[in-house]
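Here's the structure, in structure tokens; my notes come after.
Atom set for the values below is all heavy atoms of this structure, side chains included, hydrogens, waters and symmetry mates excluded. Counting convention: from 1, in listed order, for ligands and their atoms alike. Counting begins at 1 with the first residue of the sequence.
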Amino acid sequence: MQYISTRGGMSKINFKDTVFEGLAPDGGLIVPERIPELSEKEIKELRKLNYQELALKIFKYFVSDIKEEELKEIIEKAYKTFRVKEITPIVKAGNVYILELFHGPTWAFKDIALQFLGVLLEKLLLETNKKINIIGATSGDTGSAAIYGVRGKKNIAIFILHPYKKISEIQALMMTTVTDSNVYNLAIEGTFDDCQAIVKTLFVDLEFKRKYRLTTVNSINWARIMAQMIYYFWSYFRVSEIENCESVRISVPTGNFGNIFAGYLVRKMLGKKRIERLILATNENDILCRFVNNGDYSLKEVKSTISPSMDIQVASNFERYLYYFYKEDAQKTKKIMERFAKEKVLKFTKNEIKEIQEDFFSASVNQEEILKTIKDFYKKTGYILDPHTAVGVRAGLKFKKNYPLICLATAHPAKFPDTVSEALGFSIKLPKEIERLYNLPQNFEILPADVEKTKTFISQKAI
Ligand SMILES: *Cc1c(COP(=O)(O)O)cnc(C)c1O
């Protein structure tokens, strides 16, 4: 399999090359040159596999430049850090199948992609004797998942900027208690926007970027998307067996459109009748919901909510969907994305909306509804949802109809104990692994919100 750009301006590259690339050089996103549609026979074979075997089989469709034996080793190593054997277990709560994606080291779904990416990066770097420095800004989940992905890995150092004392205590502890010598937590005396602005400036400084071989591991990375495809297959197979049915609906709490885009690809591979609809659930940052329901993709201010990992307006993977929506017409995708960059708004016609709604149903869930959903769902089923998962459950139930419903649980409730306890009216118990973090030594450096100071620090510590 080779890879191309959604805007058509990149010569084909191999899988390995996609691992170190964010954007394609023409400003587009990287996609496989084709998405295989599986035969009945292939699907039947896939049903029998465990999570890691399934990952190997699916990755093989997309990776032709890594030997099967090596790919297998990478997968085995990546998922060793998970606390449960099934990797992503399914729990039935009321009339909903909860697909738990939070059994990795940082208790949220980003581990599934970043544990894989970390092992993969180390392997490819050792092969070519290269070193990289990963730089990122975080307001919570992504930073800790990236740190756990590469902690202790050879030929990689990671610098994660977070706003000092402005993220939740648990989220900060998950990063700062990692004491491996290749991990640098920079607590910036400023806001998340300050952190992001600093990182952006570093990457625009091409000389600095090249000199220190700066890399990101953000959500547009193709290997991350690919790793996220596996649990869609996995959950479809399990639930269709239990229900003895062909069709399911899957609800996905969405921010950057990364998770749900993986589901969209799986739906292409399995056939639309199997994943009958994807339910795109947003919080009050509802640009994607407005897109699906009214054909209105227009930028608004980002609002801070109690489901912070979905507080996003411009969804960085959205262009990949548009590319397929326009039947892989790269010229059209390019034109539309350039228009959006200029005008900050896209409008879709009635017919287009109808077509979009063949793929997705969508609802936006406000904060009051999130709290109420956590409370009501617990009362009814005894299952405690985190605020992000609650967005997905609420939207999912709206569109369940007679289909078996799978709701992706993207974080463990203990990651957001204040919100969840407020909703339930009692304090939830933290797992012992999280409780422990409060007593561990910490590793972080406080820096002013200043580009030059950050540069100096990185240049001293970079590998
Ligand atoms: C990142 C994240 C999301 C959103 O995922 P996208 O791929 O950005 O759509 C949802 N929930 C949690 C807990 C997350 O960390």
Side-chain angles (χ1 to χ4, degrees), residues 29 88 98-115 117 136-149 162 167-168 170-171 174-175 192 217-229 231-232 250-266 278-289 291-292 302 305-321 360 362 364-365 370 373-374 384-396 407-417 419-420:
L29 298 186
T88 59
I98 304 281
L99 173 61
E100 295 185 340
L101 303 176
F102 51 68
H103 294 283
T106 71
W107 304 79
F109 97 99
K110 290 186 176 69
D111 285 330
I112 294 179
L114 285 164
Q115 286 295 305
L117 186 61
T138 191
S139 57
D141 278 351
T142 317
S144 57
I147 286 171
Y148 271 84
H162 71 263
I167 62 177
S168 84
I170 288 179
Q171 288 188 320
M174 270 191 194
M175 298 194 282
F192 172 58
V217 289
N218 53 25
S219 84
I220 57 175
N221 183 289
W222 164 254
R224 279 182 65 175
I225 303 277
M226 186 180 80
Q228 289 165 191
M229 291 171 71
Y231 49 75
Y232 285 91
I250 304 183
S251 180
V252 188
T254 306
N256 260 322
F257 207 83
N259 194 353
I260 198 166
F261 181 71
Y264 173 78
L265 293 180
V266 173
L278 288 160
I279 295 157
L280 190 162
T282 73
N283 63 22
E284 286 150 278
N285 296 287
D286 63 348
I287 183 168
L288 290 166
C289 178
F291 163 68
V292 172
V302 179
T305 75
I306 53 173
S307 48
S309 301
M310 294 159 62
D311 292 347
I312 288 162
Q313 280 287 332
V314 179
S316 49
N317 281 290
F318 181 66
E319 178 168 346
R320 282 190 167 114
Y321 173 68
F360 305 109
S362 183
S364 146
V365 178
I370 292 176
T373 304
I374 295 173
I384 301 177
L385 303 167
D386 103 286
H388 303 80
T389 309
V391 170
V393 167
R394 170 101 183 185
C407 290
L408 273 50
T410 52
H412 190 284
K415 253 195 129 160
F416 305 91
T419 301
V420 175

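Under the rule for a side-chain contact (heavy atoms from CB on, under 4.5 Å), the partners of Ala315 that lie at least two apart in sequence or sit in another chain are Phe257, Leu288, Tyr297, Phe318. Residues satisfying the side-chain hydrogen bond (donor to acceptor under 3.5 Å, both in side chains) test with Asn221, not counting sequence neighbours, are none. Applying the side-chain hydrogen bond (donor to acceptor under 3.5 Å, both in side chains) rule to Tyr231 yields the partners Asn259; only residues at least two apart in sequence or on another chain are considered.
At a cut-off of 3.5 Å, with distance as the only test, a side-chain donor of Asp311 or Asn285 sits close to an acceptor on the other residue.
Under the 4.5 Å side-chain criterion, counting only non-hydrogen atoms from C-beta, Tyr232 is not in contact with Leu99.
Asp286 places no side-chain N or O within donor-acceptor distance of the main-chain N or O of Ser364, the cut-off being under 3.5 Å.
Within 4.0 Å of ligand 1, protein heavy atoms belong to Phe109, Lys110, Asp141, Pro253, Thr254, Gly255, Asn256, Phe257, Gly258, Asn259, Ser309, Met310, His388, Thr410, Ala411, listed by chain and number.
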